[in-house]
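Each chain gets a letter, A, B and so on, in the order its sequence line appears, and its residues count up from 1.
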Amino acid sequence: MSEQLSSAPDISRTVKKWLKKRGSLIMALHEIQNTFGYVPRSVSLQLAHLMDVPLARIYEVLTFYNYFRLDPPGKNTISVCMGTACYLKGAPKLVEAFAEELGVQEGETTPDGQFFLQSVRCVGCCGLAPVVVVNGTVMSKVDVSQVKEIIASCMQKEEV
Amino acid sequence: MIHAKINGIPCEVKEGTTILEAARQIYIEIPVLCKHPDLAPTAACGICIVKAKGTNKMLRACCTPIDEGMEIITHDPEIIEVRRSVVELIMSNHPNECLTCGRNQHCELQDLCGNFGIRDNAFENTVSKEVILDTNRALVFDPRKCITCGRCVQVCQEMQNVHALCFIERGYKTVITSAGVSLSESPCVKCGQCSAHCPTGAIVEYDETGKVWDLVKAEDLHTCVQIAPAVRVAIGEAFGYEPGANLTGKLYAALRRMGFDAIFDTNFGADVTIMEEASEFVSRFRDGGDELPLISSCCPAWVDFMERYHNDMIEYFSTCKSPHEMLGVLAKTYYAKQQGLDPMKIRMISVMPCTAKKWEIRRSVEMSASGYQDVDVSITTRELARMIKQAGIDFKHLPDEECDQLLGGYSGAGTIFGATGGVMEAALRTAQDLLTGEELQTVEFKQIRGLAGVREAELEIAGKPLRIAVAHGLANVESVLDKVRTAKEAGEATPYHFIEVMACPGGCVGGGGQPYGITDEQRKKRAAGLYSEDEKLKHRKSKDNPHVKKLYDDFLGEPLSEKSHRLLHTNYQPRATYAR
């Protein structure tokens, strides 16, 4: 899923489903992201051609919505909640710490494809602030001192 | 009609008129940054806010239609304060680099800062220190100077249908760029309309004035220059003349004083283009029309666009090079031979209303048909205006001079090339004589003049119907080509025999390299300048130009000869819209 695609995969079914339906570009893009985990450029180029939509329009939509990704996600996803409560409880420092430890900016994947770091809006458990979601598991009241540990535990799971 | 009051002055306007337009009609100027007369309002900048009696809200004049009984206030101390804040906020994310900016003295933001007396940074300046320029050697894009007004995006997407530029990201992070690639990897056709509409220095022409001075300076070189039809009726705007003032004689004089060794006129190249293109048309027309429509190919941005987006039309494209390329190759062959000059020592500089010409001179191997690059440097009207000022030439007081012989004298047909419809009209003047074998008196085809996006006409020549279409602004070409495709697929006769396309609205007079401040009014005035010169010229058909006759007698033989083909024609290849 997170492999960089070398050749364009077949998206003709998706296109057939959404072609000629008004406002359907975003639905087609949703489907593509669900399939690949991101929207590869090769697929966007193909989609532009098949749906007769300028690539510029596709990129306008892809970059407007936070949801869409242009690069493959990492094997591990670290999401730092930046909702109001988490923010006040020190989430920005957590983002900073993860960024420094992993050597990437928020919204980027490490060059080895292991970690994707992102900040997200309120995940809905403000009582546990600040919250970090690691591969779908919610970790509560996270402190900067735990950052190294969290990364290491992901690596260990990888080895097992 | 709507009746309202602006600043207490009654006004009567058509329904749907915006507050901005209504105010202009009674000579009240509301400042704007994002709204351009060519473009629909987007309400991006917020500088045009006004007050309406009965509401506390400030309205954006650019996009709010004026209503019956409205009482608008366009200027009061509070409005001025708000507008000033808008300017200060834009300045907080804009580099203070006016002195070294390509738009210095011609910047709409600079004008506003001047008018509002901005003397210091009201807010901390957050612009990036890192300068990353993106260039395709025709245009230069500096994203730091972009105020995201969106004019260029509207131009690139709606007016030109090119979609090289788009908005990426949202809110504070919004930037204008190509979809994930650099400008040179994007579908940009280099028309430069973005640079003509940008209010700041974010997109400017790729400046090559230094290169030209170097060539002028080199004593062992024979440096030639040529000026395009549309340059002569626009350059004056840089020296206080009205748009449309024809300054051909002064331009020749200025170029001579700048130190060029030979001064030629692209209008002559246009006449040669017509000899070839009209002959090409006549030959295809006589063959029964399967190879028709013939589509004009003088406009490099259109050629680029066709090769990317409409390459199924390649077979219908005229193989003729554009006039300045024809003149370039003739300078390094015919002129060199006649004057006993070594073509290796000749340099040709084109002064064009166009940024795409900068790309065209390296477009393909055929652009070096002389054995050397036929045109060495192509600069815009704006660049020439700067060079004339650098040279300390008092343009207004120059005498009218003549250009140099062999590649200079032109007919009226050559001069009207600069206006949309002009190439078609010029071609018809010669083609009708070739088809009928007569000297026809009709030389004006006014039905294809003007600024309507697509103009069609049906003529009768030699007892046969001749259907023509003229389109300008690349978005307007779609419907014309679709008609051709539909007819061809159905096995029907072609809806048109001859199609002219110019990428820029108005044709070359409205080119992306022309003096700033383009509006339809300016396009009309510049075109009128060309048509009035045409009326005054002794020869109005390219085939009657004695210099052209001499060229064919002494050198080329006849139109479409083997030599003509080798030197004056080119071919086209389908190309990907995106390089990656």
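Thr148(B) and Tyr172(B) share no donor-acceptor pair across their side chains, judged by distance under 3.5 Å alone.
The stretch residues 88-109 of chain A places none of its residues near chain B, where near means some heavy atom under 4.5 Å from a heavy atom of that chain. Residues from residues 115-126 of chain A never place a non-hydrogen atom less than 4.5 Å from a non-hydrogen atom of chain B.
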Legend entry - Audit row: Gln154(B), His36(B), side chain to side chain donor-acceptor pair (under 3.5 Å) steps and yes/no: CA-CA 10 Å; Gln154(B) 272 185 294; His36(B) 188 281; over 6 Å; no

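By the 4.0 Å N-to-carboxylate-O rule, Glu108(B) lies close enough to Arg151(B) to be salt-bridged with it. Residues Glu360(B) and Arg363(B) are not paired through a salt bridge, judged by the lack of any N-O separation under 4.0 Å between the basic side chain and the carboxylate.
Taking CD1 of Ile168(B) as the reference point, atom CZ of Phe64(A) lies at 12.5 Å (rounded to 0.5 Å). Rounding to the nearest 0.5 Å places CZ of Arg41(A) at 6.5 Å from CZ of Arg580(B). To the nearest 0.5 angstrom, Gln573(B) atom CD is 7.0 Å from Ile314(B) atom CD1. In this structure, the separation between CZ on Arg144(B) and CG on Leu133(B) is 7.5 Å, given to the nearest 0.5 Å.
For chain A, the nearby part of Tyr578(B) is the side chain; its heavy atoms alone come within less than 4.5 Å. Interface remark: Leu62(A) contributes no atoms to any contact with chain B (heavy atom separation under 4.5 Å).
Remark: the backbone N or O of Val162(B) is paired with a side-chain donor or acceptor of Tyr309(B) at under 3.5 angstrom.
Between Arg69(A) and Gln33(A) the shortest heavy-atom distance is N-OE1, 2.8 Å. Of all non-hydrogen atoms in Thr63(A) and Tyr59(A), the two that sit nearest each other are OG1-O, 2.8 Å.
Taking chain A as the reference chain and counting heavy-atom pairs below 4.5 Å, the highest number among Val181(B), Val153(B), Thr577(B) is found for Val181(B).
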